[in-house]
Amino acid sequence: MGSLTQFPPTQKPSESVSGVTVRLAGDSGDGMQLLGTQLTNTSALAGNDVATFPDFPAEIRAPRGTRAGVSGFQVQFASEEIFTPGDGLDALIVMNPAALVTNLSDLKRGGILIANSDSFGDKDLKLAKLEENPLETDVIDGYRLIKVSMTTLTREAVKPTGVSTKLADRCKNFFAMGLVFWLYGRDVEPTLRFIEAKFSRKPEIAEANTLALKAGWNYGETTEDFASTYQVAAAELPSGTYRNIMGNQALAWGLITAAELSGKDLFLGSYPITPASDVLHELSKHKNFGVRTFQAEDEIAAVCSAIGAAFGGSMAVTTSSGPGIALKGEGMGLGLILELPFLIIDIQRGGPSTGLPTKTEQSDLFMTMFGRNGESPLPIIAASSPGNCFETAIEAWRIATKFMTPVIILSDGYIANGSEPWKIPDVGSLQPIEVTHPEGQDNGAEFLPYSRDENLARPWALPGTPGLMHRVGGLEKQDGTGNVSYDPENHQHMVHTRARKVAMVAEHIGDQEVFGSDSGTLVVSWGGTYGACRTAVNRCLGEGMDVAHAHLHWVSPFPRNLGDLLKRYDRVLVPELNTGQLLRILKHTYLVDAQGLNKIKGKPFKVNEVVDGIKEFSAAT
Amino acid sequence: MGSLTQFPPTQKPSESVSGVTVRLAGDSGDGMQLLGTQLTNTSALAGNDVATFPDFPAEIRAPRGTRAGVSGFQVQFASEEIFTPGDGLDALIVMNPAALVTNLSDLKRGGILIANSDSFGDKDLKLAKLEENPLETDVIDGYRLIKVSMTTLTREAVKPTGVSTKLADRCKNFFAMGLVFWLYGRDVEPTLRFIEAKFSRKPEIAEANTLALKAGWNYGETTEDFASTYQVAAAELPSGTYRNIMGNQALAWGLITAAELSGKDLFLGSYPITPASDVLHELSKHKNFGVRTFQAEDEIAAVCSAIGAAFGGSMAVTTSSGPGIALKGEGMGLGLILELPFLIIDIQRGGPSTGLPTKTEQSDLFMTMFGRNGESPLPIIAASSPGNCFETAIEAWRIATKFMTPVIILSDGYIANGSEPWKIPDVGSLQPIEVTHPEGQDNGAEFLPYSRDENLARPWALPGTPGLMHRVGGLEKQDGTGNVSYDPENHQHMVHTRARKVAMVAEHIGDQEVFGSDSGTLVVSWGGTYGACRTAVNRCLGEGMDVAHAHLHWVSPFPRNLGDLLKRYDRVLVPELNTGQLLRILKHTYLVDAQGLNKIKGKPFKVNEVVDGIKEFSAAT
Amino acid sequence: MSTDLPVLKPADFASDQDVRWCPGCGDYSILAQMKKALPDIGSRPENTVFISGIGCSSRFPYYMNTYGMHSIHGRAPAFATGLKSTRPDLDIWVITGDGDALSIGGNHLLHVIRRNVDLNIVLFNNSIYGLTKGQYSPTSAVGKVTKSTPVGSIDRPLSPLSVAIAAEATFVARSLDVNAKHLIATLKRAQEHRGTSFIEVYQNCNVFNDGQWDYMKDKATKEEHTLMLEHGKPLIFAGGTKGIRLNGLNPEIVELDGSIAQDDLLFHDEKCDSPQLAFMLSRLRVPEFPEPMGVLRDIDRPIYNVEINDQVASAKEKSGAGSLDKLFSSGDTWTVA
Amino acid sequence: MSTDLPVLKPADFASDQDVRWCPGCGDYSILAQMKKALPDIGSRPENTVFISGIGCSSRFPYYMNTYGMHSIHGRAPAFATGLKSTRPDLDIWVITGDGDALSIGGNHLLHVIRRNVDLNIVLFNNSIYGLTKGQYSPTSAVGKVTKSTPVGSIDRPLSPLSVAIAAEATFVARSLDVNAKHLIATLKRAQEHRGTSFIEVYQNCNVFNDGQWDYMKDKATKEEHTLMLEHGKPLIFAGGTKGIRLNGLNPEIVELDGSIAQDDLLFHDEKCDSPQLAFMLSRLRVPEFPEPMGVLRDIDRPIYNVEINDQVASAKEKSGAGSLDKLFSSGDTWTVA
Ligand SMILES: Cc1ncc(C[n+]2csc(CCOP(=O)(O)OP(=O)(O)O)c2C)c(N)n1
Ligand SMILES: Cc1ncc(C[n+]2csc(CCOP(=O)(O)OP(=O)(O)O)c2C)c(N)n1
Ligand code: SF4
Ligand code: SF4
Ligand SMILES: [Mg+2]
Ligand SMILES: [Mg+2]
């Protein structure tokens with residue numbers, strides 16, 4: 001099985017387009033995430049640039065058929081470089097009424113709407129809290145509705161395998177997949193391989209899914225519903241070998257790579273929390289890299305265990321999200337005064353409090369910047385895309401070890417769960433991270449644990465080293481000796497030293513780059529909004545507007561040239577998925593009269609929202 | 001005993017002065033705090049304005065005679081209104097060498113230095129890590145050194161009581177007290193009463209202390225060492241009955257009063273920590289006011305227990321300091337989204353981490369303003385002096401209940417342990433705090449726990465009320481119903497609603513008042529620096545400078561007129577005991593090019609430091 | 001409880017919110033039994049409060065038409081302590097999970113129990129983190145393969161009952177999600193007890209840890225593996241074919257083939273003041289022993305919320321209700337004309 | 001331990017920092033005994049780490065010429081777990097107080113013990129918060145009058161040993177600050193044990209809770225109140241005049257006037273796998289019973305830091321040392337020319 005002959009190339013006319021945005025929506029149980037991943041992979045393999053955005057329900061499995069239970073997966077694949085999963089949908093596939101009503105508004109006028117008509121019975125409508133069948137009402141006017149009896153057709157298709165109807169219905173998503181693959185001329189081979197591998201121990205299931213896939217493909221080819229297919233040519237990506245990667249996966253791999261580059265074993269102290277848990281899951285799979293993962297009893301123990309491991313000389317990391325990071329504040333403060341290198345990773349989600357665990361938000365810039373008692377500055381770096389999480393992890397560890405300081409990494413639910421093609425780096429060419437530890441001594445000479453090098457970094461002396469015994473702790477320490485000190489002058493000196501250290505990081509992160517024109521409106525962004533902002537600025541530039549984009553990688557400290565740069569432009573616009581946290585920090589740092597473009601809806605920016613924001617703002621001022 | 005006849009008024013000439021600053025310094029065991037308190041009380045009773053500043057060692061009882069073990073108490077008493085315990089010392093009383101070397105630098109040139117010469121033996125010098133006896137070296141040049149064999153004289157004096165030498169030596173501080181009382185013509189009656197009360201069950205001790213006190217007094221009167229005494233006339237304070245009060249005591253009493261004014265029982269959930277513990281201690285003494293104090297297992301449980309009590313309708317409070325407040329961030333975030341009224345009190349100390357527990361610092365403005373995940377604005381009010389802690393507590397509770405929100409109170413170690421005369425308020429004239437709870441209903445009508453009044457406050461419906469059953473929680477809630485809601489529009493609406501609520505507090509806190517001229521340099525301060533800043537501005541005004549002072553009571557939100565006010569002045573100077581936390585918030589709020597005057601030494605500002613700062617700044621720009 | 005009020009039905013305790021647990025989750029049964037138990041106890045919706053932490057189990061309060069708080073992870077006992085200390089008139093139930101109560105919340109559990117605050121704590125033990133999609137918990141067995149332990153857990157699990165007993169618990173019981181009758185009875189016993197009542201409920205998470213408790217449910221094995229506790233009765237199980245007796249300090253299983261007199265067996269005593277017996281029972285684990293179901297311990301001890309309020313009452317008696325004037329003018333004062 | 005190195009003296013373990021406890025504090029004696037014990041054990045300063053929380057007791061690391069961390073309040077076990085998991089070669093001592101370990105740190109204590117991380121935990125129990133100047137602690141007796149309980153505490157105290165045992169402890173012991181010989185011996189036993197060793201040391205805070213343990217120290221009463229444990233020996237005290245035997249599950253005191261044979265007494269067994277005996281001993285309290293001193297329990301169980309490193313080792317064996325190239329190109333990839 002699985003040879004292409006079973007999936008004859010289409011005889012129908014095919015329209016070639018530069019890009020397509022598709023969303024697959026159904027019940028949590030309907031396997032939409034799997035469908036989406038397959039469509040993403042095969043599109044990537046076809047050489048398209050792709051970007052995805054899964055949208056999970058908050059509940060593990062909200063009751064079948066309810067609006068709360070709808071699970072969605074959006075993917076954009078294109079023949080040009082893209083940075084977002086797309087705004088309006090070209091096609092929407094819905095497996096039930098709940099999926100239809102919760103997603104229809106995002107479908108472009110004239111867009112394709114494929115619905116599994118078998119699941120629009122009275123019971124289904126009731127579960128979705130609907131009086132009447134939307135497929136029969138005018139809500140679907142203006143869309144290209146195609147009703148497909150997926151359930152019936154799938155049952156038909158898998159009959160030969162003799163699987164139960166219950167199992168047969170589980171194959172529905174592969175039927176839909178076949179249809180979508182046909183519609184966009186996607187190669188089924190990788191998916192067939194996937195099926196074979198995944199169900200190797202259940203051949204009849206493998207067979208059934210394959211048949212469903214084929215039935216969906218054939219349905220597109222044979223029925224009158226579809227006049228033509230769409231072709232999206234390969235994009236011109238830099239040459240190299242690519243793979244598809246999700247943000248949390250890239251982050252985990254970046255951490256492993258940083259450990260390898262610095263010749264350290266990786267220790268993760270973490271407590272599960274959405275959307276950060278997958279980093280723990282991924283790292284726990286790679287013990288053969290010397291990775292030790294510790295699922296602590298809570299977030300406090302997690303950060304403290306990381307500090308303990310850092311004291312011992314490991315590359316130590318702790319991961320969490322808003323509520324958990326809030327609990328780490330005291331521990332982070334200790335790490336800061338101990339001047340030990342380790343990473344605190346915050347995969348941000350909607351707040352405040354428990355907030356919106358499965359939704360994205362740039363919620364914690366303020367907390368990570370200011371959420372500790374006393375004067376507690378720390379370097380903070382923010383990842384800008386799923387793939388960028390990889391470099392971010394390495395860069396963070398490089399700075400942490402160079403300056404002997406904890407470093408905070410900010411990611412968010414959107415890039416953590418999103419995916420994009422990732423150019424596999426040439427491992428050999430990755431720059432090693434130099435880490436040194438002072439040698440032991442038996443000359444009885446005094447060892448100064450708080451002496452400093454040109455970066456104000458203190459020596460990372462490891463337990464087990466003869467002659468370097470020393471004590472660290474949370475009470476203010478005397479510079480040099482590290483002894484407890486209540487001396488007023490020393491305290492002020494140490495507060496300034498710790499601040500200067502963070503400021504000096506600016507010397508090692510390069511200048512801020514700008515994309516676009518060098519006057520007019522400057523769009524300043526950070527973190528996960530990179531894609532939407534870059535695309536929006538690009539589009540505005542295309543329309544001849546005087547606009548530029550500066551995307552910050554480090555938010556603490558800022559690049560040395562940022563101040564001058566801001567002054568160069570007539571207007572500064574700061575789009576954020578919060579009420580303006582970076583905005584306020586820019587204002588007090590540079591007294592720049594910037595303006596915010598803010599969205600706090602648990603969703604990423606749409607490109608159009610940023611475009612409109614730029615236009616309004618540029619017009620207004 | 002105890003009749004003034006034993007303490008004949010002095011025959012020596014007496015010089016009258018407008019104010020005196022004295023510091024008593026000795027070993028933790030020497031009873032300097034007691035001596036200081038007595039001198040403070042008797043001076044207050046004499047009608048002086050007084051301000052005190054105790055300076056404890058970090059250790060409970062560091063080894064006798066060591067520098068680490070020195071305990072100091074500074075008091076200024078004056079015939080005019082004063083706001084600080086004074087800068088340079090007019091007199092310094094030291095009980096041992098360690099006390100001398102650690103305090104001498106604060107003594108004014110020509111100031112009186114009284115030393116217990118009996119405790120300057122080789123052993124004492126060694127404990128103080130001194131090669132030679134400072135009383136014999138030039139370090140004391142330029143001071144009016146008076147050596148007194150206090151130990152010997154005290155032993156002599158108390159002989160009649162037949163107490164052991166060990167006990168006799170414990171009376172040393174009363175000898176010193178007698179001497180100081182004589183020097184400044186203070187009434188000994190209150191102290192005699194105090195002795196009688198305190199040692200009622202140990203008459204021989206009472207007797208010994210009284211004899212020591214008298215011996216000290218007579219020593220001043222009879223020996224040649226002292227040419228004259230000093231008289232400080234009564235100050236012209238507003239008429240009324242006064243008492244001396246410490247900051248933490250005033251805070252506790254303010255909380256009790258707020259509870260009474262709102263007809264609520266007070267619940268405190270707290271975990272001990274320096275310098276906040278005394279609020280717990282004080283409140284636990286007043287159970288007859290219906291006060292319930294709960295010493296929780298940690299700070300997290302403390303804030304959570306307070307939220308539980310608030311849910312039940314009590315006036316709930318939690319108190320801590322930096323490291324403990326850092327642990328409360330998650331709980332505070334919940335309280336904020338629950339929109340329940342309760343108070344979080346942060347008695348700030350030197351940070352970061354464990355930092356300088358016994359030292360003062362305006363360390364936590366940033367943390368209390370921004371230290372929570374997600375968008376988490378809260379009202380924050382800062383006490384400005386020991387006595388002001390009283391009104392601050394009442395004001396905070398008034399706002400908390402009016403707006404149904406947690407409110408943060410900031411104090412610090414300096415005002416918490418400092419004391420000043422406090423005009424006892426006329427209880428009858430205190431404005432009651434209206435708190436209402438919705439009535440029960442049995443009409444089955446839907447109850448909307450998140451419906452809002454004109455202040456955006458939701459109803460405070462109490463468990464036990466029929467028909468108002470409802471569920472609250474940390475997930476985003478639908479406005480009105482309070483049901484869990486993942487709706488994007490609702491989330492943005494709620495984020496803005498919570499922010500607007502805090503902003504609206506500005507309507508109820510009055511406009512910012514300014515002291516001084518209405519152009520030139522504006523000094524903006526908050527919290528415990530009030531006294532130093534007000535005195536400094538006063539002095540500059542006296543010198544004809546164009547300067548004014550705006551002291552903020554609420555730091556979140558700011559008074560409505562603050563922005564305009566800042567613009568009215570040529571220069572804005574912001575003195576803070578941190579690296580410029582308010583400064584940065586003012587900058588991003590008003591884009592004002594203000595400058596900071598910062599000190600991070602674990603000590604309050606000296607008036608001179610602020611004066612110099614104002615002059616430099618005004619000259620520079 | 002106000003019995004003059006109309007008798008309530010389980011439906012009166014149901015809120016209008018859709019229940020959002022996975023189909024087949026053991027939580028549904030526990031919710032159903034709670035709704036049945038409360039009317040029998042005579043609870044009133046307006047006087048009842050459910051406080052939970054975070055987790056699937058902690059969604060519970062949303063589904064009850066009572067007062068409720070879905071608080072933060074692991075801290076429910078602290079909220080409940082603050083509420084009960086100030087509102088002793090309320091019936092407060094704490095709903096928690098094995099991760100919520102024993103991982104992040106272990107310390108609060110220890111302390112609420114030692115204080116003996118008058119609360120009913122129901123721990124839904126599914127030996128997994130459900131809400132976060134399947135990591136091992138403090139009650140997961142060594143070797144357990146989960147998302148965070150791909151080659152098996154290496155942490156020795158805690159026995160919730162042993163921990164509660166060591167924390168000086170006055171009421172400790174265990175029940176099973178699907179055993180409606182037993183669960184209802186146990187909930188009632190908890191409500192009757194004055195002081196902290198701690199109940200561990202074996203609950204099935206059919207999505208991430210399906211079948212965890214099957215050995216206590218399957219017809220074939222449950223008799224053999226379940227020790228039903230009855231106060232004053234000997235420890236007998238396996239349909240009366242086996243019993244437990246003491247061998248020194250340790251329990252041993254004996255065949256009841258007639259060779260052994262019932263009196264030689266160990267008798268259950270909920271009321272015995274020493275925690276020795278309850279602790280021993282809490283250690284019984286399959287396969288060596290059957291696992292006890294029912295009330296292990298039920299004794300009387302001073303109650304935190306009673307004591308804290310008594311201290312207030314007697315302070316008022318002693319010094320009279322507080323007067324601000326008196327307070328302010330205590331100690332030295334002086335008057336400026 | 002590297003015995004080829006020069007033998008060390010207590011002074012070699014003393015740091016250059018002035019000790020800053022109150023004169024007369026029990027902590028001085030514990031510090032002195034620790035310095036004596038370490039050389040005998042063969043510890044090396046460079047391979048030894050002291051990790052503490054916050055409290056008077058937690059100042060301990062500053063006074064030892066070893067590696068040390070004075071961390072944050074209650075969390076020392078978590079730091080130690082991270083360090084030991086990655087540096088199993090180090091000898092790690094956790095120094096904590098009754099507030100540090102049982103109040104704010106109770107949860108970390110439970111979990112480090114159940115994981116059986118190879119650490120030595122020494123809890124200085126002075127039944128008071130010393131550093132914060134005298135509030136009651138989780139081991140303070142009911143009715144205790146302190147700064148925060150002016151009319152007496154109403155919280156039932158925890159038994160540190162009972163809690164440790166319920167947390168599946170593999171080594172549990174108790175000693176006394178001033179009993180130098182016994183304390184040194186106990187510290188050595190703790191170091192010999194592989195896995196978490198938990199020692200409660202009765203310590204006097206002469207400033208805020210003076211005399212707490214006098215009944216264990218006064219010539220007149222100590223014999224009567226102390227039960228010195230010896231493995232394999234019967235439980236005898238009061239200078240051999242009294243013994244303890246079992247009555248059912250519960251202990252009872254008997255006069256050893258000859259009427260009772262030694263074999264009828266309860267015999268101590270540190271090694272017994274069931275925690276039953278250790279738990280019973282942990283419950284013995286004056287005045288009813290003498291209080292046990294010495295090792296209550298010492299058994300072998302898998303060790304967290306060993307297991308976590310074994311999992312890494314076997315992963316490397318199974319899949320070979322990690323290769324980034326392999327990792328990156330796992331799964332579907334495609335090439336752009
Ligand atoms: C401070 C914090 N940390 C972590 C989480 C994520 N989280 C939510 S529930 C949970 C554990 C759930 O397990 P359990 O308590 O057993 O409840 P169950 O879902 O199994 O019923 C975790 C880790 C959180 N919400 N808050
Ligand atoms: C987070 C935090 N909360 C509170 C404190 C204040 N604090 C320091 S030590 C201590 C308790 C000390 O008692 P214990 O652990 O018994 O140690 P001891 O001083 O008695 O030796 C407290 C409450 C702190 N330092 N940090
Ligand atoms: S994940 Fe498990 S525990 Fe949670 S609702 Fe689903 S079945 Fe129940
Ligand atoms: S306060 Fe108590 S425990 Fe602390 S050092 Fe002094 S005597 Fe020791
Ligand atoms: Mg669970
Ligand atoms: Mg203690």
Side-chain angles (χ1 to χ4, degrees), chain A residues 41 44-45 47 190 234 237-244 253 256-257 260 265 267 269 286-292 294 296-298 300-302 304-314 316 330-331 334 338 424-425 427 440 463-475 483-484, chain D residues 15 17 44-52 54 61-62 64-73 75-87 89-90 107-108 110-111 308-309 311-312 314-325 327-337:
Chain A
N41 288 341
L45 290 173
L237 299 171
S239 70
T241 305
Y242 286 77
R243 65 169 297 129
N244 211 48
W253 290 10
I256 291 171
T257 305
E260 295 277 307
D265 273 355
F267 174 86
H286 300 293
K287 298 181 165 47
N288 61 325
F289 280 91
V291 177
R292 288 159 184 78
F294 168 58
E297 56 270 29
D298 65 15
I300 299 173
C304 294
S305 68
I307 294 173
F311 187 60
S314 293
E330 191 199 8
L334 177 69
L338 296 189
I424 296 176
V427 174
T465 317
L468 304 189
M469 289 79 72
H470 65 283
R471 277 67 53 194
V472 295
L475 291 165
N483 292 334
V484 173
Chain D
S15 78
Q17 299 295 298
R44 309 288 315 172
E46 64 270 22
N47 294 331
T48 306
V49 184
F50 281 86
I51 301 182
S52 64
I54 302 284
Y62 289 124
M64 297 296 299
N65 180 32
T66 63
Y67 286 88
M69 186 186 291
H70 178 224
S71 74
I72 48 178
H73 195 30
R75 321 296 178 185
F79 293 92
T81 299
L83 182 58
K84 187 69 181 184
S85 301
T86 50
R87 292 293 308 276
D89 56 307
L90 301 170
N107 198 38
H108 307 302
L110 282 181
H111 287 272
I308 192 174
N309 285 290
Q311 286 195 337
V312 167
S314 50
K316 286 180 173 172
E317 257 169 45
K318 221 164 116 287
S319 353
S323 143
L324 291 175
D325 287 316
L327 175 66
F328 296 162
S329 45
S330 57
D332 292 330
T333 66
W334 67 96
T335 306
V336 175

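Numbered from 1 within each chain, the chains take letters A, B, ... in sequence-line order.
- Interface check for chain A: of the options D:V49, D:I54, D:D325, D:T66, the most heavy-atom pairs under 4.5 Å are formed by D:T66.
- Looking only at side-chain heavy atoms (C-beta outward), D:S85 and A:F294 stay at 4.5 Å or farther from each other.
- Contact check for A:L334 versus D:R75: no side-chain heavy atoms found under the 4.5 Å cut-off.
- By number of non-hydrogen pairs under 4.5 angstrom with chain A, the leading residue of D:L110, D:I51, D:L90 is D:L90.
- In terms of heavy-atom pairs under 4.5 Å with chain D, the best-connected choice from A:L237, A:V291, A:L468 is A:L468.
- Chain D forms the most heavy-atom pairs under 4.5 Å with one residue out of A:N244, A:D298, A:N483, A:I256, and that residue is A:N483.
- No part of A:A234 comes within reach of chain D, as not one of its non-hydrogen atoms sits under 4.5 angstrom from that chain.
- For chain D, the option among A:G473, A:G464, A:P466, A:A301 with the highest count of heavy-atom pairs below 4.5 Å is A:G464.
- Annotation: maximal heavy-atom pairing with chain D below 4.5 Å, among A:E260, A:H286, A:E330, occurs at A:E330.
- One N or O on the side chain of D:R87 and one on the backbone of A:P463 form a donor-acceptor pair closer than 3.5 Å.
- Annotation: maximal heavy-atom pairing with chain A below 4.5 Å, among D:S314, D:A76, D:G331, D:A337, occurs at D:A337.
- In terms of non-hydrogen atom pairs under 4.5 Å with chain A, the most contact-rich of D:L327, D:D332, D:N107 is D:L327.
- Here the CH2 atom belonging to A:W253 is positioned 7.5 Å from the CD1 atom belonging to A:I424, to the nearest 0.5 angstrom.
- Contact detail for A:A296 and A:A302: the closest heavy-atom pair is CB-N, 3.6 Å.
- Between the side chain of A:R292 and the main chain of D:N309, no donor-acceptor pair closer than 3.5 Å is present.
- The candidate with the highest count of non-hydrogen atom pairs below 4.5 Å against chain D, out of A:I307, A:D265, A:T465, A:V484, is A:T465.
- Remark: the backbone N or O of D:S15 is not paired with any side-chain donor or acceptor of D:Y62 at under 3.5 angstrom.
- With A:S305 contributing its side chain and D:F79 its backbone, the two residues share no donor-acceptor pair below 3.5 Å.
- Between D:L324 atom CG and A:T257 atom OG1 the span is 4.5 Å, to the nearest 0.5 Å.
- There is no contact between A:A306 and chain D, counting heavy-atom distances below 4.5 Å.
- Of the two parts of A:L45, the backbone and the side chain both hold a non-hydrogen atom closer than 4.5 Å to a non-hydrogen atom of chain D.
- The aromatic rings of D:Y67 and A:H470 lie perpendicular to each other, with more than 60° between the two planes, well past the 30° mark.
- Heavy-atom pairs under 4.5 Å with chain A were tallied for D:I308, D:N65, D:T48; the largest tally goes to D:N65.
- For D:S330, the parts lying under 4.5 angstrom from a heavy atom of chain A are both the backbone and the side chain.
- For a residue to count as touching a neighbouring chain, one of its non-hydrogen atoms must lie under 4.5 Å from one of that chain's; by this rule D:Q311 touches chain A with backbone and side chain alike.
- Top candidate by heavy-atom pairs under 4.5 Å with chain D, chosen from A:S239, A:G308, A:A309, A:C304, is A:C304.
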